[in-house]
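Just so you know, these numbers come straight off a predicted model, no measurement behind them. Chain identifiers are assigned alphabetically (A, B, ...) following the order of the sequence lines, protein sequences preceding nucleic acid strands; residue numbering begins at 1 within each chain.
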Protein chains: 2
Amino acid sequence: MAGINRSLVRALPLFNKLSDAELDRLLARATMQRVATGEAVFEQGQKADRFFLLLHGRLKVTQVTADGQQIIVRMVHPGDIFGFAKALQRDDYPGTPTASAESVVICWPTEVWGQFVEQNPHLAVNAMQSIGQRLQEAHTRIREMATEEVEHRVAHAVLRLIEQAGKTESAGIRIDFPISRQDIAEMTGTTLHSVSRILSAWETKGLVEGGRQKLLVRDAASLRLLAEGEAG
Amino acid sequence: MAGINRSLVRALPLFNKLSDAELDRLLARATMQRVATGEAVFEQGQKADRFFLLLHGRLKVTQVTADGQQIIVRMVHPGDIFGFAKALQRDDYPGTPTASAESVVICWPTEVWGQFVEQNPHLAVNAMQSIGQRLQEAHTRIREMATEEVEHRVAHAVLRLIEQAGKTESAGIRIDFPISRQDIAEMTGTTLHSVSRILSAWETKGLVEGGRQKLLVRDAASLRLLAEGEAG
DNA sequence: CGCGCTCGTTGCGCCAGGACAAAGACCCTG
DNA sequence: CAGGGTCTTTGTCCTGGCGCAACGAGCGCG
């Protein structure tokens with residue numbers, strides 16, 4: 001498909017052991033797609049006929065419960081694969097990936113996955129490592145939700161965000177995409193109100209600097225202390 | 001290795017596309033090991049040099065937090081692989097699998113994994129599906145912990161247990177291995193006390209029947225209603 | 001067969017944090 | 001630059017469920 005930046009894809013860990021020829025065959029089956037901010041790539045419950053790779057931008061994957069509550073399952077960063085339902089033995093997508101920022105994805109029909117793995121075991125190994133890491137993260141989150149109180153959980157979430165999407169500025173580290181208090185609440189299993197209170201308190205202490213859909217971490221070290229230690 | 005029940009292994013979904021010859025080569029590298037109740041197969045933090053398959057019995061995988069709190073990450077059922085850290089790009093085991101009942105495991109050196117996947121992509125695909133399901137379960141648990149209150153979470157946990165380890169008896173469905181209130185608490189992110197209160201209440205309503213390390217579900221349908229619906 | 005240990009039950013007080021409410025602050029649009 | 005929508009802040013109240021404490025019950029062991 002014309003338009004896909006081949007060297008960008010080439011550099012992804014997921015494809016690190018593929019030959020150029022193999023990569024080309026893979027890209028030949030791919031389609032590129034632009035996703036505007038606020039738009040969903042697909043919807044929860046929809047039949048899973050494609051899987052995706054995020055090239056640019058940022059997505060948040062949400063799930064809606066039966067009673068309408070929403071949670072953010074994870075963020076998708078550039079280079080991540082998502083919409084992998086079929087390979088995970090599901091017929092429908094378990095969540096909805098929505099663009100938090102202007103994004104570009106490429107996608108393949110699900111059949112392609114099986115075909116390529118047969119010919120190239122490395123791909124499966126790499127994908128498994130990537131899914132394995134997601135599993136680790138999920139377990140970490142479960143542990144946090146079970147044992148830590150809200151302020152610690154929010155601290156951990158923010159630290160994770162600057163790790164995965166932090167851009168160093170003169171005043172500190174900025175989270176590189178628009179994120180609301182509501183988003184952070186849905187990532188940590190609390191309410192918008194509690195997050196707002198906590199961030200305000202941190203701002204008073206000089207740990208962070210807020211703003212509409214913005215967050216700048218001034219003092220990551222103190223935040224880390226707060227996240228780990230018992231004392232605030 | 002002598003002593004491994006080949007037809008039992010043959011029947012596992014994980015190996016469903018392997019030829020008999022391939023299976024034999026795999027088993028040739030395996031070691032069998034008996035694990036007594038209460039004993040750990042390995043310890044959290046230990047260097048991951050082997051991976052495992054549970055043949056018989058039941059394991060609970062726990063993680064301990066820095067401040068000493070414990071949670072149950074998941075239960076391992078017969079046929080499940082565990083201790084997969086290396087394939088997931090970790091050097092050490094993230095948790096401790098402890099036998100809840102007399103168990104038998106087989107294990108391989110981690111190097112074997114890479115070798116076999118190269119020769120047999122199906123194995124990778126199967127393993128990925130299995131890990132994918134674990135990821136789904138983890139997300140489900142995260143969603144529950146974020147949105148549901150304790151009684152609902154406990155209901156879900158118990159339902160999951162009878163699904164994965166339920167033995168139908170005349171009076172209802174029994175959980176087929178010793179499980180304490182503390183265990184259920186660690187699975188649902190609450191305290192032993194709350195679980196005890198909840199189960200007592202259910203017993204009064206005739207939904208379950210308790211006992212020391214025992215649990216019998218008398219009325220799974222009502223429990224399911226309680227887990228899903230808003231009303232108790 | 002009685003002693004001790006582990007596991008389970010239950011009562012009570014307290015508080016983190018959720019629910020509700022209302023008022024700013026910021027941004028886009030016409 | 002006025003108006004409306006969205007996001008955020010902050011206050012007040014209220015409750016689920018945790019912490020603490022003490023007791024009861026089943027099980028294994030000498």
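A:Arg197 contributes a side-chain N or O that forms a donor-acceptor pair with the base of D:dG11 under 3.5 Å. A donor-acceptor contact under 3.5 Å links the side chain of A:His193 to the base of D:dT10.
Applying the 6.0 Å contact sphere to CZ of A:Arg6 captures more than 12 heavy atoms from other residues, nucleotides or ligands.
The CD-C1' distance, from A:Glu148 to C:dA16, rounds to 15 Å in whole Å. When rounded to the nearest whole Å, the span between CG of B:Leu192 and C1' of C:dG11 equals 15 Å. Across the protein-nucleic acid pair, B:Leu199 atom CG and C:dT10 atom P stand 11 Å apart, rounded to whole Å. Between the C1' atom of C:dC26 and the CZ atom of A:Arg212 lies a distance of 5 Å, rounded to the nearest Å. Taking atom NE2 of residue A:His152 and atom C1' of nucleotide C:dG17, one finds them 14 Å apart after rounding to whole Å. Between the P atom of D:dG26 and the CG atom of B:Leu215 lies a distance of 16 Å, rounded to the nearest Å. Atom-to-atom, CD of A:Glu151 to C1' of C:dC15 comes out at 15 Å; the value is rounded to the nearest Å. As a whole-Å value, the separation of A:Lys214 NZ from C:dC26 P is 10 Å.
Using a 4.5 Å cut-off on side-chain heavy atoms (C-beta onward), B:Val35 and B:Val104 make no contact.
Heavy atoms of B:Ser196 sit under 4.0 angstrom from at least one base atom. Counting any heavy atom pair closer than 4.0 Å across all strands shown, B:Arg181 reaches sugar-phosphate atoms only and no base atom. At the heavy-atom level, A:Ser180 lies under 4.0 Å from the strands shown only through sugar-phosphate atoms.
Phosphate contact (OP1/OP2 of D:dG17, side-chain N/O of B:Ser194, threshold under 4.0 Å): absent. Contact check, A:Ser200 against D:dT10: a side-chain N or O comes under 4.0 Å of OP1 or OP2.
Between A:Phe42 and A:Phe52, a ring centre-to-centre spacing shorter than 6.0 Å is recorded.
We find that B:Asp91 and B:Lys47 are not joined by a salt bridge, their nearest charged nitrogen and carboxylate oxygen being 4.0 Å or further apart.
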